[in-house]
Engineer: 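I have a structure I would like to understand better, so I am pasting it below and will then ask my questions one at a time.
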Amino acid sequence: MSIGFEKIRVRFAPSPTGFLHVGGARTAIFNWLFAHKTGGKFLLRIEDTDVQRSGLDEVDAIIQGLQWLGLDWDEEIIYQSQRLQIYRKYIDELLLSGKAYKCFCSKDEIERQRQKAADEKRDFRYRLNRTCLKRSNEEIVAFEREGRLFAVRFKLPEGETVFTDHVYGEIKVDHQQLDDFIILRSDGYPTYHFAVVIDDSEMGISHIIRGDDHLSNTPKHILLYEALGKQPPVFVHVPLILGPDKQRLSKRHGATAVGEYEKAGYLPETVCNFLSLLGWSSGDDREIFSREELIREFSLEGISKKSAVFDEQKLEWMNGQYIMALSDERLLELVQPRLIAAGLLTQADIEKDKERILKILALLKPRLKRLSEVPEICSYFFEKPQAYDEKGMRKHWRAADVEEKLERLRTAFGKVTDFTTAGLEPVLRELCEGLDLSAAKLIHPLRLALTGRTFSPGIFEVMALLGKEVVLERIAAAIEFIQKNPVEVNALT
RNA sequence: GGCGCAUUCGUCUAGUGGCCUAGGACGUCGGCCUCUCACGCCGGUAACACGGGUUCGACUCCCGUAUGCGCUACCA
């Protein structure tokens, strides 16, 4: 812990790009966990100094993502766009002390010089000429009188900056690598490097936990802290999240927004758990961590230096684990909107038929990876099969005596009064014995008739939940289908 | 290009000089369970980037090379 901060205060500071990126979410989780672990505060700050790219909707999307993940923040949300006067105050301070200076060079002019340098294979550094630092007072006053726009540059001191990152250890950077970077743009907005330092300082941030793409920027920030006579916080850079091709995770890798994972049927607990394990490890062999366990186990020491590839297969597995742990009631709550949207059920159906639906979900649970699979995987419980699986027909309905077998099943089931798993199974088994057939020989054709598919939960469970009437009906419908489409069935060899 | 950082199974990782014949998880492969699909269980496959040091002894420490990523903007 650093000297000078008695309270732990961390923040998540996204720029509003329209959605919460999984990388950002992971950073937010680490911050949140650290705050909860240490009894500190977790603050939220919106970095909306790029007016072109920022808007209220974009902010909403990020807030929604955080809420979905259950990452609540303390205190009011800070918007950088509302703090312009504060930045101005500090800019003036640096201007006055000569640690920064106004730059009247136009963007175009700078770009031209940068291009020229590139052509000559030189590095462009504004500080090599410091054109505007050399201007006379008269010149500057004249520029200002004619209303010429200016940016403010930080006057980079000579030497080197050495600091200790909590994850990466000692980092040393020679100021030769740096430039008189701009801290206030000509539109009056501060740049990221300036705003971040002012805000973290004003907000009393004790630990900056952020992506390691900022590791190289940190010397600039430290220089700014020093110029302002402020105490720098502890820096904790966390490795980036990569796509399967080891490139920085981006849209072309598929889903990168947490909202997309919500849509795809992942649970927030899964996403939190999974993301926590990307770039951090508790040191033991566990994979599944409840939120409380995560808080208990989390430590900055467990953060890795190596960037991690986002492995969606493991995410899926983990989500399956979480779904299995859900109560039937909870699963129904979660899945209800999807069932309704798919047109399988109405709100009223669900209320009326709740007991049965809960039993159906219980059967589905160990088979689920994502909530979005539910409507598709259980549709036959609520409507008759739309079609029969072709491969299934070829395999199970081709025998010449299929119709007869189905007919026998129908007759036998018709006599069953105890239409439960326990009541049905012996009936089918006895029929098999009488026919000298393995149970599978009847079960597969039957499953196809009842569900239209070659796979389902245990057939007796399915029958019990379908109910006698529906079972008899569907067997009859299958027989009729086979009779009407003998060619089709037989031609499919 | 310059600078910074990283480098253990395909992937996430454990490992902080001898406990490593390198452990776990996902995936994959094989098997069991079984009416199918899952679940579950059992087992297999698979890694210390490379080259030099240091040391009695290196996955662990140092140097170099390679590769990857990041920064190098009036984006954040």
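Convention: sequence-line order gives letters A, B, ...; per-chain numbering from 1.
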Engineer: Pull out every protein N or O sitting under 3.5 Å from an N or O of nucleotides 13-15 of chain B, one pair per line with the distance.
Structural biologist:
{"unit_1": "U13(B)", "atom_1": "OP1", "unit_2": "Gly279(A)", "atom_2": "N", "d": "2.5"}

Engineer: Where the side chain of Asp311(A) is concerned, which of C75(B), U11(B), C35(B) is the nearest nucleotide?
Structural biologist: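 Comparing C75(B), U11(B), C35(B) against the side chain of Asp311(A), the answer is U11(B).
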Engineer: OP1 or OP2 of A76(B) versus the side-chain N and O atoms of Arg185(A): is any pair under 4.0 Å?
Structural biologist: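 Result: yes.
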Engineer: Counting only Watson-Crick pairs (N1-N3 plus N6-O4 or O6-N4) and G-U wobbles (N1-O2, O6-N3), all under 3.5 Å, who is the partner of U45(B)?
Structural biologist: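 Partner of U45(B): none found under 3.5 Å.
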Engineer: Backbone N or O of Gly23(A) within a donor-acceptor pair of the Thr27(A) side chain at under 3.5 Å?
Structural biologist: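 Side chain of Thr27(A) to backbone of Gly23(A), a donor-acceptor pair under 3.5 Å: yes, one is there.
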Engineer: Picking from A38(B), G24(B), C35(B), which would you name as closest to the side chain of Glu287(A)?
Structural biologist: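 Between A38(B), G24(B), C35(B), the one nearest the side chain of Glu287(A) would be G24(B).
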Engineer: Taking atom C1' in both C9(B) and A22(B), what distance in whole Å separates the two?
Structural biologist: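 My reading of the C1' atoms in C9(B) and A22(B) gives 10 Å.
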Engineer: Strictly under 6.0 Å, is that where the ring centroids of Trp280(A) and Phe298(A) end up?
Structural biologist: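 Centroid separation for Trp280(A) and Phe298(A): below 6.0 Å.
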Engineer: Hey, is the side chain of Lys365(A) poking within less than 4.0 Å of OP1 or OP2 on A38(B), counting only N and O atoms?
Structural biologist: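 So the side-chain polar atoms of Lys365(A) never come under 4.0 Å of the phosphate oxygens OP1 or OP2 of A38(B).
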Engineer: Please report the interatomic distance CG(Leu149(A)) to SG(Cys103(A)), rounded to the nearest 0.5 Å.
Structural biologist: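 Reported to 0.5 Å precision, the distance equals 11.5 Å.
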Engineer: Side chain of Trp317(A), heavy atoms from C-beta onward: which of G27(B), G2(B), C35(B) has the nearest atom to it?
Structural biologist: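 Out of G27(B), G2(B), C35(B), the nucleotide with an atom closest to Trp317(A)'s side chain is G27(B).
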Engineer: Among the nucleotides C74(B), C39(B), G2(B), which one has an atom lying closest to any side-chain atom of Ala151(A)?
Structural biologist: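 Selected nucleotide (nearest to the side chain): C74(B).
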Engineer: Would you find more than 12 non-hydrogen atoms of other residues, nucleotides or ligands less than 6.0 Å from Glu158(A) atom CD?
Structural biologist: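 No, CD of Glu158(A) has 12 or fewer neighbouring heavy atoms, counting only those of other groups under 6.0 Å.
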Engineer: Quick one: which of C35(B), C26(B), G2(B) gets closest to the side chain of Lys314(A)?
Structural biologist: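 Of C35(B), C26(B), G2(B), C26(B) is nearest to the side chain of Lys314(A).
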Engineer: Which one, G1(B), G70(B), A76(B), comes nearest to the side chain of Leu240(A)?
Structural biologist: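 Taking heavy atoms from C-beta onward, the closest nucleotide is G70(B).
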Engineer: Please list, chain by chain and in numerical order, all residues satisfying side-chain contact (heavy atoms from CB on, under 4.5 Å) with Cys378(A), sequence neighbours excluded.
Structural biologist: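 For Cys378(A), the residues satisfying side-chain contact (heavy atoms from CB on, under 4.5 Å) (neighbours in sequence not counted) are Leu339(A), Ile360(A), Leu364(A), Val374(A), Phe381(A), Phe382(A).
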Engineer: Determine: side-chain N/O of Arg114(A) to OP1/OP2 of C74(B), distance under 4.0 Å, yes or no.
Structural biologist: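 Yes, Arg114(A) has a side-chain N/O under 4.0 Å of OP1/OP2 on C74(B).
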Engineer: Quick one: does Glu373(A)'s side chain have a donor or acceptor within less than 3.5 Å of a partner on Lys369(A)'s backbone?
Structural biologist: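 Yes, the answer is positive, given that a donor and an acceptor are paired below the 3.5 Å cut-off.
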Engineer: Counting heavy atoms from C-beta on, name the nucleotide in C3(B), A6(B), C74(B) closest to the side chain of Tyr168(A).
Structural biologist: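 Output: A6(B).
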Engineer: Roughly how many Å apart are G2(B) and G53(B), using the C1' atom of each and rounding to a whole number?
Structural biologist: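 G53(B) and G2(B) have their C1' atoms separated by 28 Å.
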Engineer: Assuming nearest nucleotide by heavy-atom distance, tell me which of Asp179(A) and His214(A) is located more 5' along RNA chain B.
Structural biologist: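 Nearest-nucleotide comparison on RNA chain B picks Asp179(A).
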Engineer: Taking any strand in view, what nucleotide pairs with C74(B) in a Watson-Crick or G-U wobble way, both distances under 3.5 Å?
Structural biologist: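 Matched C74(B) with nothing under the 3.5 Å cut-off.
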Engineer: When you compare U67(B) with U54(B), how far apart are their C1' atoms, in angstrom units rounded to a whole number?
Structural biologist: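 Here U67(B) and U54(B) have their C1' atoms 26 Å from each other.
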Engineer: How are the rings of Phe194(A) and Tyr87(A) set relative to one another: parallel (under 30°), tilted (30 to 60°) or perpendicular (over 60°)?
Structural biologist: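 Perpendicular: the ring planes of Phe194(A) and Tyr87(A) meet at over 60°.
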Engineer: For the base of C3(B), is there a side-chain donor-acceptor partner from Ser216(A) under 3.5 Å away?
Structural biologist: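 No, no donor-acceptor pair under 3.5 Å.
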Engineer: Which nucleotide in the list A38(B), G2(B), C35(B) gets nearest to the side chain of Lys369(A)?
Structural biologist: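 Between A38(B), G2(B), C35(B), the one nearest the side chain of Lys369(A) would be A38(B).
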Engineer: When you compare U55(B) with G15(B), how far apart are their P atoms, in angstrom units rounded to a whole number?
Structural biologist: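 Between the two P atoms, the distance is 28 Å.
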Engineer: May I ask you to evaluate whether Arg248(A) reaches the phosphate of C71(B), defined as a side-chain N or O under 4.0 Å from OP1 or OP2?
Structural biologist: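 Yes, such a contact exists.
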Engineer: Between C5(B), C39(B), C35(B), spot the one nearest the side chain of Pro366(A), thanks.
Structural biologist: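 Given the options C5(B), C39(B), C35(B), the side chain of Pro366(A) is closest to C39(B).
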Engineer: In whole Å, measure the gap between the C1' atoms of C56(B) and C50(B) for me.
Structural biologist: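 So the two C1' atoms sit 26 Å from each other.
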Engineer: With a cut-off of less than 4.0 Å, is there a side-chain N or O of Lys246(A) near OP1 or OP2 of U67(B)?
Structural biologist: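 Answer is no, no contact under 4.0 Å.
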Engineer: Applying side chain to side chain donor-acceptor pair (under 3.5 Å), run through Arg453(A) and Thr451(A) and close with a yes or a no.
Structural biologist: CA-CA 5 Å; Arg453(A) 310 173 192 208; Thr451(A) 69; 5.3 Å; no
Engineer: Please figure out whether Ile171(A) or Phe124(A) has its closest RNA chain B nucleotide nearer the 5' end.
Structural biologist: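 Here Ile171(A) is the residue nearer the 5' end.
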Engineer: Out of C35(B), C37(B), G4(B), which has the shortest distance to the side chain of Ala440(A)?
Structural biologist: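 The closest nucleotide is C35(B).
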Engineer: Pairing check on C69(B): which nucleotide meets the Watson-Crick or G-U wobble criteria with it, both distances under 3.5 Å?
Structural biologist: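 Paired with C69(B), as far as the under-3.5 Å criterion goes, is G4(B).
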Engineer: Kindly say if Gln321(A) contacts the phosphate of G40(B), meaning a side-chain N or O under 4.0 Å from OP1 or OP2.
Structural biologist: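 So the side chain of Gln321(A) is within the cut-off, an N or O lying under 4.0 Å from OP1 or OP2 of G40(B).
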Engineer: Does Thr49(A) have a side-chain nitrogen or oxygen under 4.0 Å from the phosphate oxygens OP1 or OP2 of A76(B)?
Structural biologist: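 Result: yes.
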Engineer: When rounded to the nearest Å, what value does the distance between P atoms of G10(B) and U16(B) take?
Structural biologist: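 G10(B) and U16(B) have their P atoms separated by 23 Å.
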Engineer: Identify the nucleotide, in any strand shown, that forms a Watson-Crick or G-U wobble pair with A25(B), with both distances under 3.5 Å; if there is none, say none.
Structural biologist: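 Its partner is U11(B).
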Engineer: Would you call the rings of Phe154(A) and Phe181(A) parallel, tilted or perpendicular, taking 30° and 60° as the class edges?
Structural biologist: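 The arrangement is tilted - the two ring planes meet at 30° to 60°.
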Engineer: Can you tell me the pairing partner of U36(B) across any strand shown, Watson-Crick or G-U wobble, with both distances under 3.5 angstrom?
Structural biologist: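 Answer to the pairing question: none, since U36(B) forms no Watson-Crick or G-U pair.
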Engineer: Is it true that a side-chain atom of Asn273(A) and a backbone atom of Glu287(A) form a donor plus acceptor pair closer than 3.5 Å?
Structural biologist: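 Answer holds: yes.
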Engineer: What does C61(B) pair with, Watson-Crick or G-U, if both distances are under 3.5 Å?
Structural biologist: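 Across all strands, the one nucleotide that pairs with C61(B) is G53(B).
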